Amino acid sequence: MPELPEVETVARGLRPVMESRRIVTVELRRKSLRYPLPRDFAARLVNRGIRSVGRRAKYVLVNLDNGEALLIHLGMTGRLTVLPASGGQRNLGEFYNEEAATANPAGKHDHVVFGLDDGTRIVFTDPRRFGAMDIVPEGGEESHPRLKDLGPEPFGNGFSSAHLAGRFRGKKAPLKAALLDQGVVAGLGNIYVCEALFRSGLSPKRRAGSLARTASVEPRLDTLVRHIRDILEEAIIAGGSTLQDFAGADGSSGAYQQRFLVYDREGEPCTKCRKPIKRIVQSGRSTFYCPACQK
DNA sequence: CGGGACTCCTGCCAGC
DNA sequence: TGCTGGCAGGAGTCCC
């Protein structure tokens with residue numbers, strides 16, 4: 001499931017392929033993904049030069065030479081595959097089942113294909129269709145409905161213990177839910193929230209507001225901020241190195257999954273205290289944590 | 001308005 | 001062996 005590090009990895013992979021190229025064809029195989037695509041989607045992209053490729057939260061932003069930007073969200077199962085003109089392929093993020101994708105090469109779930117002026121094609125595949133695309137008008141990054149309410153980037157100056165304290169103040173929602181809220185901090189998903197809370201020794205069940213009441217909890221928020229940054233950075237590094245090995249069809253992008261300390265480890269011994277990792281459900285999602293270590 | 005429940009979608013897998 | 005139900009979850013919507 002693509003969270004910030006996976007999306008960052010995809011953006012970095014697209015950069016050398018797309019930057020300073022021109023989009024010459026846009027093939028739409030369905031009218032909508034998660035949401036309907038703009039009626040003039042293809043027309044606004046064709047013949048546009050690509051200035052840069054960036055990321056905001058879990059969105060890839062392809063910045064065009066007219067100031068507009070192509071916005072891509074990979075949802076749960078979205079994939080971008082680069083097909084060079086010379087043949088072969090290179091996957092940019094395989095967040096679904098490797099075997100299933102390999103067993104289904106016919107392109108049943110290939111929804112959008114971009115053609116570049118050097119013959120490269122970029123295929124967007126998304127079996128579950130939780131992904132989305134849109135076009136952000138020039139200067140519209142602050143006002144676009146999908147972007148305007150996003151919280152600060154975890155690596156930016158806007159993300160700090162003071163910011164979290166402000167956002168948590170009076171909040172009754174559990175810490176887990178608060179950190180999944182993209183308006184509090186952008187880019188975290190289920191896996192990295194579980195991991196960051198474990199490293200920080202904070203219970204996912206604790207009320208977010210309990211971390212904002214007094215100055216005495218500020219060090220705990222500092223710790224949380226540091227761990228969120230660390231874990232995202234490690235995942236980006238792991239994803240980046242994975243991507244380099246991804247030229248072949250049999251490459252696996254799951255290398256960093258080995259690093260999870262609590263996620264999907266129900267019943268396994270905690271790496272700190274050896275007591276079993278517990279799984280609970282919060283707002284319909286699995287939470288994995290160590291009841292002994294996380295308070 | 002905050003917060004929880006529900007919804008979308010498809011593939012996988014455990015269990016019968 | 002084949003079917004089925006439950007589960008996966010990002011994020012928007014709906015309702016209390």
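Because the structure is a prediction, the values reported are computed rather than measured.
As a whole-Å value, the separation of M76(A) CE from dA11(C) C1' is 12 Å. Atom NE2 in H109(A) sits about 13 Å away from atom P in dC9(B), given to the nearest Å. Between the C1' atom of dA11(C) and the CG atom of D181(A) lies a distance of 10 Å, rounded to the nearest Å. The distance between atom CG of L180(A) and atom C1' of dA8(C), rounded to the nearest whole Å, is 14 Å. The nearest whole Å value for the distance from the CG atom in D149(A) to the P atom in dG10(C) is 19 Å. Distance CD (E266(A)) to P (dA8(C)): 10 Å, rounded to an integer number of Å. Whole-Å rounding puts the Q282(A) CD to dA8(C) P distance at 13 Å. We find that CZ of R169(A) is positioned 20 Å from C1' of dG3(B), with the value rounded to whole Å.
Counting only heavy atoms from C-beta on, R129(A) has its side chain closest to dC9(B) among dC9(B), dG11(B), dG10(C). In this structure, of dA11(C), dG11(B), dA8(C), it is dA11(C) that holds the atom nearest to the side chain of R34(A). Across dC7(C), dG9(C), dA11(C), the shortest atom-to-atom separation from the side chain of R279(A) is found for dC7(C). Of the candidate nucleotides dG4(B), dG10(C), dA11(C), dG10(C) has the atom lying nearest to any side-chain atom of E3(A). Distance from the side chain of Y59(A) is smallest to dG12(C) among dG9(C), dG12(C), dG11(B).
The shortest distance between the side-chain N/O atoms of T77(A) and the OP1/OP2 oxygens of dG9(C) is not below 4.0 Å. Under 4.0 angstrom from either OP1 or OP2 of dG10(C) there lies no side-chain N or O belonging to Q182(A). The side chain of K58(A) contributes an N or O atom lying less than 4.0 Å from OP1 or OP2 of dA11(C). The side chain of K108(A) contributes an N or O atom lying less than 4.0 Å from OP1 or OP2 of dG11(B).
A cation-pi geometry, defined here as NZ or CZ lying under 6.0 Å from the six-membered ring centre and within 45° of its normal, does not hold between R279(A) and Y289(A). A cation-pi geometry, defined here as NZ or CZ lying under 6.0 Å from the six-membered ring centre and within 45° of its normal, holds between K272(A) and F198(A).
Mapping R285(A) and G170(A) onto DNA chain B by nearest heavy atom places G170(A) closer to the 5' end of the strand.
With respect to D65(A) and R51(A), no salt bridge is recorded, no charged nitrogen being found less than 4.0 Å from a carboxylate O.
Across all strands shown, P145(A) has no heavy atoms under 4.0 Å from either base or sugar-phosphate atoms. When heavy atoms are screened at a 4.0 angstrom cut-off, R146(A) is found touching the sugar-phosphate backbone but no base atom.
Under the 30°/60° scheme for interplanar angles, the aromatic rings of Y192(A) and F260(A) are found to stand perpendicular.
Under the stacking criterion of a centre-to-centre distance below 5.5 angstrom and an interplanar angle below 30°, F130(A) is not stacked against the six-membered ring of dA11(C).
In summary, the side chains of R79(A) and T125(A) do not present any donor paired with an acceptor at a separation below 3.5 Å, with no hydrogens or angles considered.
Across R12(A), R55(A), R56(A), a single residue satisfies side chain to side chain contact (heavy atoms under 4.5 Å, CB included) together with V7(A), and that is R55(A).
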